[in-house]
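Notes follow once the structure below has been shown.
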Amino acid sequence: MASQKANATRAWQRMLSGRRLDLLEPSPLDIEIEDIAHGLARVARWNGQTHGKHAFSVAQHSMFVLEVLGKIDPAANPEIQLMALLHDAPEYVIGDMISPFKAVIGADYKSVEHRLLAAIHLRYSLPASTPETAKAVIKKADTVAAYFEATELAGFSAKEAELYFGRPRGYSADMFSLEPKSASVAQREFVRLFKAIERQRNTKH
């Protein structure tokens with residue numbers, strides 16, 4: 001009986017689109033941008049411990065990283081832009097776990113995250129694994145974004161944020177708009193940005 005019960009354990013997430021995404025073996029065919037945007041717009045960064053009327057969502061963070069990427073590398077091609085926008089996309093299913101908790105969970109979390117990101121990439125004709133050059137510039141943009149989110153929204157002192165994220169050189173908070181947006185606005189803007197990048201990719205080809 002115990003074995004039968006284990007085999008019946010549900011490992012898929014039902015999306016509002018009607019898709020059922022298997023977390024153990026995610027299929028690109030079960031991934032829709034509307035589901036990603038809907039989920040990310042409702043997942044809070046920093047476990048929700050941020051100032052503002054609304055939570056600062058992962059969708060808004062993803063758009064912020066894309067904005068920072070544009071300042072770091074204005075010539076970044078549409079593929080790198082899309083990988084930046086989708087760099088945290090698995091969190092539409094598994095949520096945004098803060099780094100200390102990821103460290104506690106260990107490799108299992110990373111394994112699920114990597115499988116999901118690979119499926120998302122394949123769904124949108126991107127390399128299953130982010131190329132190292134793209135990964136490096138996206139990571140830099142992500143770290144710059146994290147520093148300003150920490151200091152402007154999450155209550156970190158500049159000294160504390162510098163310890164964990166480094167102090168960005170050549171950037172200041174007034175270069176960016178970090179006002180947390182409602183879930184519906186963040187969702188709509190995320191989809192709009194995705195479609196704009198896809199138009200660039202289609203034009204290129």
Looking at Glu25, is its backbone amide N or carbonyl O close enough to the side chain of Asp22 to form a donor-acceptor pair, meaning the two atoms are under 3.5 Å apart?
yes
Can you tell me how far CD of Glu34 sits from CZ of Phe194, rounded to the nearest 0.5 angstrom?
8.0 Å
So Leu21 and Tyr92, do their side chains get closer than 4.5 Å, heavy atoms only?
yes
Going through the distances and angles, do Val65 and His61 end up as a side chain to side chain contact (heavy atoms under 4.5 Å, CB included)?
CA-CA 6 Å; Val65 170; His61 163 75; 3.4 Å; yes
Hey, would you say the His87 and His121 ring centroids sit under 6.0 Å apart?
no
For Val144 and Phe165, run side chain to side chain contact (heavy atoms under 4.5 Å, CB included): C-alpha distance rounded to whole Å, both residues' side-chain angles, the deciding distance at 0.1 Å, then the answer.
CA-CA 7 Å; Val144 171; Phe165 310 111; over 6 Å; no
Gly52 versus Pro180, closest heavy-atom pair with distance
CA-CG, 4.4 Å
Any chain of hydrophobic side-chain contacts (each under 4.5 Å) joining Leu82 to Leu117?
no
Which distance, rounded to the nearest 0.5 Å, do you find between the CD of Gln81 and the CG of Leu66?
6.0 Å
Contact between Glu179 and His54 at the side-chain level, heavy atoms closer than 4.5 Å - yes or no?
no
What residues form a side-chain contact (heavy atoms from CB on, under 4.5 Å) with Arg115, not counting sequence neighbours?
Leu24, Pro26, Ser111, Val112
Indicate, with yes or no, if Val68 and Trp46 share a hydrophobic cluster defined by side-chain heavy-atom contacts under 4.5 Å among Ile, Leu, Val, Met, Phe, Trp and Tyr.
yes
Hey, does the side chain of Asp35 reach the backbone of Ser17 with a donor-acceptor pair shorter than 3.5 angstrom?
yes
Here the side chain to side chain donor-acceptor pair (under 3.5 Å) pairs for residues 166-176, sequence neighbours left out, are Tyr147-Arg167, Glu162-Arg167, Ser172-Asp174
Taken to the nearest 0.5 Å, the spacing of Lys135 NZ from Thr133 OG1 works out to 10.5 Å
Quick one: CG on Asn77 to CD on Glu79, what's the gap to the nearest 0.5 Å?
4.5 Å
Contacts of Glu152 meeting side-chain contact (heavy atoms from CB on, under 4.5 Å) (sequence neighbours excluded), chain-then-number -> Ala173, Leu178
Hey, could you give me the CZ/OG distance between Arg20 and Ser27, rounded to the nearest 0.5 Å?
14.5 Å
With respect to Arg123, which candidate in Asp30, Leu86, Leu29, Ile31 satisfies the side chain to side chain contact (heavy atoms under 4.5 Å, CB included) definition?
Ile31
Across all chains, not counting sequence neighbours, the side-chain contact (heavy atoms from CB on, under 4.5 Å) partners of Lys181 are Gln60, Val185, Glu189
Where Ala150 and Ala161 come nearest, the two heavy atoms and their spacing
CB-CB, 4.2 Å
Tightest non-hydrogen contact, residues Ala59 and Phe190, listed as O-CD1, 3.9 Å
To the nearest 0.5 angstrom, please state how far the CG atom of Leu193 sits from the CZ atom of Arg188.
12.5 Å
Under a 3.5 Å cutoff, is there a donor and acceptor pairing between the side chains of Arg19 and Gln13?
no
Hits for side-chain contact (heavy atoms from CB on, under 4.5 Å) against Ser125, two or more places apart or cross-chain, chain-then-number order -> Arg201
If every non-hydrogen atom of Ile120 is compared with every non-hydrogen atom of Pro90, which pair is closest and at what distance?
CD1-N, 3.9 Å
Would you call the rings of Phe148 and Phe176 parallel, tilted or perpendicular if under 30° counts as parallel and over 60° as perpendicular?
tilted
Can Lys195 and Glu198 be counted as an ion pair, charged N to O under 4.0 angstrom?
no
Using side-chain heavy atoms (C-beta onward) and a distance below 4.5 Å, is Ser57 in contact with Leu40?
no
Quick check: closest heavy atoms across Ala158 and Thr151, and the distance to 0.1 Å?
CA-CG2, 4.1 Å
Tell me the closest heavy-atom pair linking Val191 and Ala37, and the distance in Å.
CG2-CB, 3.4 Å
Got a donor-acceptor contact below 3.5 angstrom from the Tyr124 side chain to the Ile33 backbone?
yes
Hydrophobic cluster membership, Leu122 vs Leu23, 4.5 Å side-chain cutoff:
no
Here the salt bridge (charged side-chain N to carboxylate O under 4.0 Å, His left out) pairs for residues 44-72, sequence neighbours left out, are Arg45-Glu149
Counting N and O atoms only, with roles assigned by atom type, does the side chain of Asp73 sit under 3.5 Å from a partner on the main chain of Leu69, one being a donor and the other an acceptor?
no
